[in-house]
Every structure is written in C-alpha cells, then in structure tokens.
Amino acid sequence: MSLLDLVLLLLVLVLSGALFLRRKGEDGEARRLLEAAREEARLALEAARKEARDLLEAARAEARTLKEGAEAKARELEADLRRRLEEESKEARRRLEEAEARLRAEREELRGERERLLALQAELKGERERLKEEREELRREAERLSKRGEALDARALRLDALEEALAKREEALKEKESLLLEREKEVERRLFEVAGLTPEEARRVVLEKLDQELEEEKAQRVRAALERARLEAKREAQKILAQAMQRQASETAAQLAVSVVPLPSDAMKGRIIGREGRNIRTFEALTGVDLIIDDTPEAVLLSSFNPIRREIARMALEELLKDGRIHPSRIEEVVEKAKNEMKTFIYERGEEAALEAGVVGLKPGLIQLLGRLHFRSSYGQNVLKHSVQVAHLTGIMAAELGLDAGLARRAGLLHDIGKSVDREVEGSHVEIGIALARRFGEPPEVIDAIAHHHDPENAETLYAVLVAAADALSAARPGARRESLEEYLQRLEALERIALSFPGVETAFAVQAGREVRVIVKPDRITDAKATLLAREIASRIEREMNYPGQVQVTVVRETRAVDFAR
C-alpha cells in the first residue's frame, strides 16, 4: 500500500472520529482533536503530496527514459524492418526474373516442340504414303510373279514339246546314219569294182568326201541355228531388258530426278512447311516439284523428272532460305523471279553453244530450245556438250571433203534438238526435231541430218552421214559416257585376250570402242566353214566371261594371199 493511500485512510479515520465525538457532545475536545487531526492530516497530506510529486516526477522521468528507449528501439526495429523489406524485395525481384526466364525458355521449348510435332506429322504422312506405295508395289509384284509363273508353265510346256521334237529328230538322224552307213558300204564296193583301189585308199577317199559334206552341212546347220538363236535372243533380250528397267527404275529415278538443297539448320524445316503445311503446298503447286522433308540432317530433297522445273525450284528455295521470309505471297514472288531468271539462263546457254560451235543465224526460239539441252543428259553425257562436239567433228569432216563446213556444223549442232521438248511432246526425238526444224525454216540438209542421224543408210545428203559418224565418235569416246577409262581399257584387253586364246587365230583387234572384235585367222588351219564355228565359239566365251554394255560383234577374217616377185 502506498503512502498516499495511508494518508487518505488516516484522514478518513480522523473525520470519522470527529463526527463521532460531535455526536457525543464533546465539542471542545473534539474540536481540539479535530484541529490536531486536521493539522496532522494537512501535514500528512503535504508530505503525501510532496512524495506524490516526487514519485510523479520520478515516474515521468522513468516514462521519458522508457519512451526514449522505446523510440530508439522502434527506430532500430523500423531500420531493421526496412532492411529486411529491401532484401526480401530484391529476392522477390530475383525470383520473378528467374520465373520469367524459365517461362520464356518453356515457351521456346513449347514452340520447338510444336514445330517438331508438325514435322513429325508431315513425316508420318509421308511414311503413310510410302507404306501405301509399298503395299501397291507388293501387290503389283505379286501379280507379276503370278504372270511370270504362268509364263514359266507355258515355257515348260513348250520345252516338253521341243524335247519330244528333238527325240523324233534324233530317231530320224539315227535312220539317216544307218542309211549313210549302207551308202558308204555301197560306195566302197563300187570303188573296189570300178577303180580297183585298195580298201585303205577307198576308205580315205570316202572319208575325205564325207568330211567335206559334213563340214558344209555342219556350217549350214550352225547358220540356221544362229538365225533361230538371234530371233529367240531378241525376244528374250526384250523380256530381260523390260525386267532390268523395272528393277533399276527406282535407283535411276533417285539418281536423275532428285536435287539436294542444304539448310542452315533443321529449324528451317518447320518454317518451310509453314502453318498447317500452307508454305510447302504453295511451293509445290507453283513449281510442280515435290518437296521432300525427311530426317536427312540439314537438307531437303526436290524430286521431279523435269530438270528445268527442278532447277527453278532449287533457285527459288535457296533465295527463300537466304531471305528468311517464307510465306505464300513471298513464295509466289520468288518462284516467278526464278522462272524469269531460268529463261535468261537457258537463252544464254543456247547462245554460248551456238557461238562455241561457230553457228550463226539461229532464230531466238531455236536458241531457247538449244539452251534447254543443257539440262538433258544421255547415258551420263550432257546433250548440249555432245551437240557442240558433234558440230565440231561434222565441220572438220565436211571441210576435208570439200563440203560446206558451216552447214555441216549447223546440222551437227541441231541433230538432237528434239530432245529439248521430247518430255512434253509425243513422239521420238527424231520426229520432234524434224517438226521443229521445219517450223523454224532450217535448210533441207539440216532436216535430213536430223531425220537420219541414226539411220545414215537412208540419208539423202552426205551431211546426214557425217552427222551420224560424228554422233558415234562423240558417244564412243572413252570417258564420254558412264564408263571409266580404266574399265574401258580392261574390257578391250579382255576381248583381244579371249580371241587370241583359240587355236588358229593369228591376231585380234578390239575396235569401235569395244563393240566389235576382228579376228584374223591362219587360212591354212581355219577353213571357211570353221570360221563360222570359231566366231560362234568366241562370242559364247565372251558372253560367259565378260560384262559389257550393249552387244559385241565378232568378225572372223580368213584371207589367202599369193605373193611373188618379178626379178
């Protein structure tokens, strides 16, 4: 209990006593006591007030001290709170930036994933088409095998019939042999009677005569068999060539109908395809070329049998890749630009070829067609370069014969002009070339050379014969077509070695770029009848032991010379 409380309690007691004494009537004593109590109470009150003031001052001082401490503590807490708030704000900004970076990376990843999904969809579509084509090819192959089985059955029946005919022929030959034996005995008996020869001499005469007859009959039968074999071989060759063309069609198409365009990165494949494939559809529709996008790294394929369209598509695609803007309107603009550039390029190639061949006065349309030969090849040989070579060779031969060299070069340059449009126009390149030459008003000698450069026997002018010879020279030159020089020389040596290995052969030469073997035989050892058999034996051995394009003609030459000197 505090001092102020005690003073108040004492004051209450004094007042209570005063009242009590007043009630008892003791006013004087009470008054005195009251005064004393009042004085004491006053003193106590003053002391209490003083103590209260002291306590209040101390409380106020303590309160000020506590307030200052509290304010300092508050300022410290506020500074600490501000520092923590800044740190947490920095941490929050850092986390926000990291979250935004992760979000951007995830967006890029999602975009790449979407492009991969589109590419996979296109790949899946291509795979479905390829599987569909393979199923169709298997169905056709099954049909071909079924037809081939039927053909083999029919062939087996024919062979059985031939076997029966051979058996009958063998019986007939046996009968003829018995008749010959009887005839030989009759001749021997008559010789003995008429000539008076000894049996040994008569036998020798008969045998020599029979040898001559059998040799002639053997040669005649060989010739007849060769004729039958040629007819059968022609039919069989047509069948084999058709099968070979069917088997090699896919490989040849892959080599001659496809161009590869490199890409800066695989990410360009998605841009080439475009949204929902609109870019690739626009490109294929404008160029007429199939654009193949597969798993080949950093490359796409352009597939078309038309080399000019394929080149236009290649130029346009390279321009789009270089520019980077790939959308339908831009594709249309670039393809149109590439077509114009291709026309200019083709015309320039035609002008260069005409200038190189020394041919002047060609009409612009004919020069444009001539330039298209730059994109045409035959057995791996560029047709435009081949035409220029033929023009040079024809001009040289015409000059040696005293003919018009300029006209000869013109005929040689234009002899294959039909190949420039034979893919778009029906007919052979000879028929097309004749029509083009007449349309552009070429001279009759040029038209005759175009018409008969593969058939010089029916030519009306010498220019056609010269063009045919120059055409054969250009095509037969080693290395002009798809055959290496080493393989060419090995083939020539093998042909000569096979021919020289037969008895009675004096020497052998492989001529016409290995298309013919001329064999010189010794006339005292090889007769005319045996020469036919020797040619057949050499040809059979060449067929067994060698691989060669086309056919090889075997020519056996038997020559007898009588030489004397006048002295």
Side-chain angles (χ1 to χ4, degrees), residues 1-121 264-271 273-276 278 298 323-327:
M1 185 179 293
S2 64
L3 181 60
L4 182 59
D5 294 335
L6 290 174
V7 171
L8 291 174
L9 180 59
L10 182 59
L11 183 59
V12 170
L13 290 174
V14 170
L15 291 174
S16 298
L19 290 174
F20 180 74
L21 291 176
R22 184 179 293 175
R23 287 176 185 175
K24 292 296 185 176
E26 297 179 357
D27 293 333
E29 185 67 24
R31 195 176 291 111
R32 185 181 58 80
L33 291 174
L34 182 58
E35 289 296 333
R38 285 179 178 173
E39 184 65 25
E40 187 177 355
R42 186 181 60 78
L43 293 174
L45 182 59
E46 290 178 358
R49 285 177 177 173
K50 182 179 181 182
E51 185 177 359
R53 282 195 298 271
D54 294 338
L55 290 174
L56 183 59
E57 289 296 331
R60 286 178 178 174
E62 186 177 359
R64 283 195 299 271
T65 303
L66 291 174
K67 183 180 179 182
E68 292 175 356
E71 290 177 353
K73 188 69 174 178
R75 284 193 298 272
E76 184 179 353
L77 289 174
E78 184 179 359
D80 186 46
L81 182 60
R82 190 180 293 109
R83 179 177 55 79
R84 290 183 181 179
L85 185 60
E86 291 177 356
E87 292 177 354
E88 289 178 358
S89 177
K90 291 180 181 178
E91 182 67 19
R93 283 196 297 272
R94 183 181 63 79
R95 290 181 180 178
L96 181 60
E97 291 174 356
E98 291 178 354
E100 290 178 351
R102 285 196 300 272
L103 182 59
R104 286 194 297 270
E106 289 176 358
R107 286 179 178 173
E108 292 295 330
E109 185 177 356
L110 287 174
R111 187 178 295 108
E113 188 66 25
R114 183 178 181 185
E115 292 177 354
R116 284 194 297 273
L117 286 174
L118 290 175
L120 286 174
Q121 288 177 356
S265 65
D266 285 336
M268 292 298 297
K269 293 182 178 179
R271 298 181 61 185
I273 295 172
R275 183 179 300 174
E276 299 178 355
R278 61 178 185 175
E298 297 183 355
D323 184 40
R325 295 176 295 164
I326 305 177
H327 49 82

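Take R116 and apply the side chain to side chain contact (heavy atoms under 4.5 Å, CB included) test, not counting sequence neighbours, and it matches E113. Not counting sequence neighbours, L110 has no partner by the side chain to side chain contact (heavy atoms under 4.5 Å, CB included) test. With sequence neighbours excluded, no residue forms a salt bridge (charged side-chain N to carboxylate O under 4.0 Å, His left out) with R93. Every side-chain hydrogen bond (donor to acceptor under 3.5 Å, both in side chains) that E78 has, sequence neighbours left out, goes to R82. Scored by the side chain to side chain contact (heavy atoms under 4.5 Å, CB included) test, R111 finds E108, E115 as partners (sequence neighbours excluded). Residues passing the side chain to side chain contact (heavy atoms under 4.5 Å, CB included) test with R53, sequence neighbours excluded: R49, K50. With sequence neighbours excluded, the residues satisfying side-chain hydrogen bond (donor to acceptor under 3.5 Å, both in side chains) with R325 are D323. Every residue two or more places apart in sequence or in another chain was checked for a salt bridge (charged side-chain N to carboxylate O under 4.0 Å, His left out) with E88, and none qualifies. By the side-chain hydrogen bond (donor to acceptor under 3.5 Å, both in side chains) test, D80 is found to be paired with R83, R84, residues two or more places apart in sequence or in another chain being considered. R95 pairs by the salt bridge (charged side-chain N to carboxylate O under 4.0 Å, His left out) definition with E91, not counting sequence neighbours. Remark: E97 engages no residue in a side-chain hydrogen bond (donor to acceptor under 3.5 Å, both in side chains) (not counting sequence neighbours).
In this structure, CD1 in I273 is found 13.5 Å from CZ in R278, a value given to the nearest 0.5 Å.
Each side-chain hydrogen bond (donor to acceptor under 3.5 Å, both in side chains) pair with one or both residues in residues 60-76, not counting sequence neighbours, would appear here, but there are none.
Within 6.0 Å of the CD atom in E87, the count of heavy atoms belonging to other residues, nucleotides or ligands exceeds 12. Heavy-atom contacts from other residues, nucleotides or ligands closer than 6.0 Å to CZ of R275 number 12 or fewer.
The minimum heavy-atom distance between I326 and R271, with the atom names listed, is CG2-O, 3.7 Å.
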